[in-house]
Amino acid sequence: MSFLGMLRSMALNHVERFMKRLAPVLGERITRDPELLASVAGDESGLAPQLPAAAVWPQNRDEVVEVAKEAADLGMGLIPRGAGSGKSGAVIPGGHEVVVDLSKMNRILELRPQDLYAIVEPGVITEVLDQSASEEGFMYPPDPASKSYSTLGGNIATNAGGPRAVKYGVTHRYVWGIEMVLPGGDVFRTGRHSIKGVAGYDLTSLFVGSEGTLGFITQATLHIVPAPKAVETAFLSFPDALSASKGAEAVFTKGYLPSTMELLDHESLEAVRAVSPFRIPEDIGAALLVESDGAAEVAQQDLYRMCEIAGDSGASDCVVARNEKERQTMRRARQLVSSSLKEKFPLKISDDIAVPRSQMAVLMEYAQAEALKEEITFAAYGHIGDGNLHVNLLCDVDDLPKAQGMRIKLMQKAVRMQGTVSGEHGIGIHKRDMLSIEQSQELIDLQKRLKKVFDPQGLMNPNKVF
Amino acid sequence: MKILVTVKRVEDPEIKIKIKADGSGLESEQMKYVVNPFDEIAVEEALRLRDTHEGEVVILSLGVADCAQQIRTALAMGADRGVHVLTDETLDPTLASLAMQKVIEDESPDIVLMGKQAVDDDMGQTGVMLAERLGWGQASFASKEASLESEEEKSKQTALNVSDNKVTVVREVDGGIETLCLNLPALITTELRLNIPRYASLPGIMKAKKKEIKEFPLRDLIGDAQPLVEVLKMEKPAARAAGMIVSDVPQLMEKLRNEAKVI
Ligand SMILES: Cc1cc2nc3c(=O)[nH]c(=O)nc-3n(C[C@H](O)[C@H](O)[C@H](O)COP(=O)(O)OP(=O)(O)OC[C@H]3O[C@@H](n4cnc5c(N)ncnc54)[C@H](O)[C@@H]3O)c2cc1C
């Protein structure tokens, strides 16, 4: 037998032993059935899925501990998985790992509005927590466009943001503490149930955005806030994306803090037009979805004022939602951009670079110029209020090498502007080679050393991020 | 021509309502509010009339300070100014129509346009009582013959015809259409099929802030008049028991006989 063959059969043996040891604990919730494995083989990155060696669906912390123990003993790689809605390929197996799908751990354990927090299991769907909070007059602000299916565990591990982030901030602001399970089965609790706390290192924050490379999040204490009394929404039309960026900038410069400021450029509007429940006005080159919240009259006054400012800097018209139903249709139009572009351009390459907010127009102009030069169609949309732009390169097969070049150039530009290669999707494998555009080798090495402390055998989500 | 339109702040029908624990009314804490949809139609018709005959559109709203939001919405649609009768009291149709009468006597509009009802309490009495108080002719449930998809609607023609100090109003009646002619001043309440109301436009929004909203405390207008109708209690309909699927006819008969006790 060749050396490689020997390794392979050893690995196989390990999987079999792993299965045998855990079957009594997990019953039907452990499998090697390829059909079931296919359901946990990919994500929304557009990268090719890959079957893992096995998959488990633990129902509670103790089962995760058992899995982590046996995996460490047998040296098996572990991939924590939420809903698989990630865009960085962070849950795509290399082939030998065990996928640990946490979506069955989906209970809200406690909701304490009086103390401004909720304790949740990692598999709770983002929107479910927000809705439960809203029945008490509260909200859970992070609202990624995928909120109707993404999990809170996945949101924490990717530090997800959403339209409300411009006012309320991204996920990290709402994580007060976690319970973590490390490979080997050690359990730690970090954080507190108080608003403040400076005891020891902030290991909670270390796990936020860790993309499953340090350990499992098996519980989280999440901050909820009182829901605003009123929300107002406007859909502002502009002749082009550049004037929309400038309109957004003017709003911020005048000291307004909208609760949402999303951009849709011409290509995005054309893609979403057919499926949007909100009737997109004809002949517009770009749009801003703007919201304000607060006390009833204040929310309206602020929204009107922001519309006015946008009007002074190039907006041609606006539609103000008259009720909750119209507001939802406008939001839906924004949420459907990504999937409708994908429908139209199956080979789209999507990134999420971010820059300081005031540099948005500069970035937009740069992207337009590059696309023109390379003759690549592109769509730009997203969280313009966060300086976070989803640049989608809409390619033919022939365009792919050119597009890859343009992608790198855009990231380099974003970093030169003191921004980042990834505002919210994370590195995973999709941007593993681009991490060094932003971070020095020394800084990357420091992080690898840190990972060793939590995961000395290198079992947690191997070959991701670094 | 001067047109006065009443605009009521109502609970957004899309938001789940909660009844106060003591049944005295609705919980306002988590509520979102909108312009009563019938009143939006009244505002639209008023704007069309003004744009055809010149003049002004005055918006009148009664209620809490936050009603200013609904008045501003109408101003952003294009109305010219607002009157806000401030009160935290819950008004029955007698008090509401009394306060409106006082404002209208002061404003003396040619036409008062109102929604045929407000979608919160669905009383549908305020317009009728107000016409009686004013001693004016009234046309309720104003509608039009042309469909809401027609060219006539798209070109924003007014459905109410004003000439020679008279207004003609079309209304739907059982099996047909009725046309009424009223002397001005007159009061008209609107049906859903009258028009498609416009959105606030960007120029409208930009102008709305500068438009005047006059405020009067309710009791300055109506003294110590008391309501004639009092809401005693609100409650949700009892939850219905869940349905069940039976396996065969004999089981169905058995359930109907012994559980539902209907045969
Ligand atoms: C249409 C669409 C719109 C999107 N919009 C947004 C957006 O607006 N903002 C945004 O930020 N993202 C967005 N995303 C990306 C994605 O939804 C988020 O990254 C989301 O947070 C992922 O959650 P998930 O449950 O699907 O996690 P998964 O994709 O399953 O996993 C993501 C990462 O989290 C790790 N992980 C998951 N659960 C745990 C756990 N319990 N413990 C440790 N690690 C864990 C995984 O290992 C992986 O690294 C969008 C995606 C789609 C498809």
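A note on names: the letters A, B, ... follow the listed sequences, proteins ahead of strands, and every chain is numbered from 1. Note: hydrogens, waters and symmetry copies are ignored here, and every other heavy atom, side chains too, is used.
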> With only heavy atoms counted, which part of A:Gln300 is less than 4.5 Å from chain B, the side chain, the backbone, both or neither?
side chain
> For B:Glu145, does the CD atom have more than 12 heavy-atom neighbours from other residues, nucleotides or ligands under 6.0 Å away?
no
> Less than 4.5 Å to any heavy atom of chain B: does that hold for the side chain of A:Val231, its backbone, both, or neither?
both
> Please flag which part of A:Ala227 lies under 4.5 Å from any non-hydrogen atom of chain B: side chain, backbone, both or neither.
neither
> Decide if atom CG of B:Asp122 counts as having more than 12 heavy atoms of other residues, nucleotides or ligands within a radius under 6.0 Å.
yes
> Heavy atoms, side chains only, cut-off 4.5 Å: are A:Ser316 and B:Leu202 in contact?
no
> Report, as yes or no, whether the 6.0 Å neighbourhood of atom NZ on A:Lys325 holds more than 12 heavy atoms from other residues, nucleotides or ligands.
no
> Taking the side chain from B:Asp12 and the backbone from A:Asn323, do they hold a donor-acceptor pair closer than 3.5 Å?
no
> Between chain B and each of A:Arg322, A:Glu135, A:Arg305, count heavy-atom pairs under 4.5 Å; write down the option with the most.
A:Arg322
> Tell me whether the count of non-hydrogen atoms from other residues, nucleotides or ligands lying under 6.0 Å of CZ in B:Arg219 goes above 12.
yes
> Please output the residues of residues 66-84 of chain B in contact with chain A, using a heavy-atom cutoff of under 4.5 Å, in numerical order.
B:Asp66, B:Ala68, B:Gln69, B:Arg72, B:Thr73, B:Ala76
> Working to the nearest 0.5 Å, report the span between NZ of A:Lys229 and OH of B:Tyr33.
10.5 Å
> Heavy-atom distance under 4.5 Å to chain A: side chain of B:Pro197, backbone, both or neither?
both
> Measure the spacing between SG of A:Cys318 and CD1 of B:Ile205 and express it to the nearest 0.5 Å.
3.5 Å
> Checking heavy atoms, do the side chain of A:Ala295, its backbone, both or neither come under 4.5 Å from chain B?
neither
> Evaluate the side-chain proximity of A:Tyr304 to B:Met206: yes if any heavy-atom separation is below 4.5 Å, no if none is.
no
> Taking side chain as everything from C-beta outward and backbone as N, CA, C, O, which of these in A:Ser237 sits under 4.5 Å from a heavy atom of chain B? Side chain, backbone, both or neither.
neither
> Are more than 12 heavy atoms, taken from residues, nucleotides or ligands other than B:Lys207, located less than 6.0 Å from that residue's NZ atom?
no
> For B:Glu212, look at atom CD and say whether over 12 heavy atoms of other residues, nucleotides or ligands are found less than 6.0 Å away.
yes
> Go through B:Glu14 and A:Glu326 one step at a time and tell me if the side chain to side chain contact (heavy atoms under 4.5 Å, CB included) criterion holds.
CA-CA 10 Å; B:Glu14 287 296 314; A:Glu326 289 185 356; over 6 Å; no
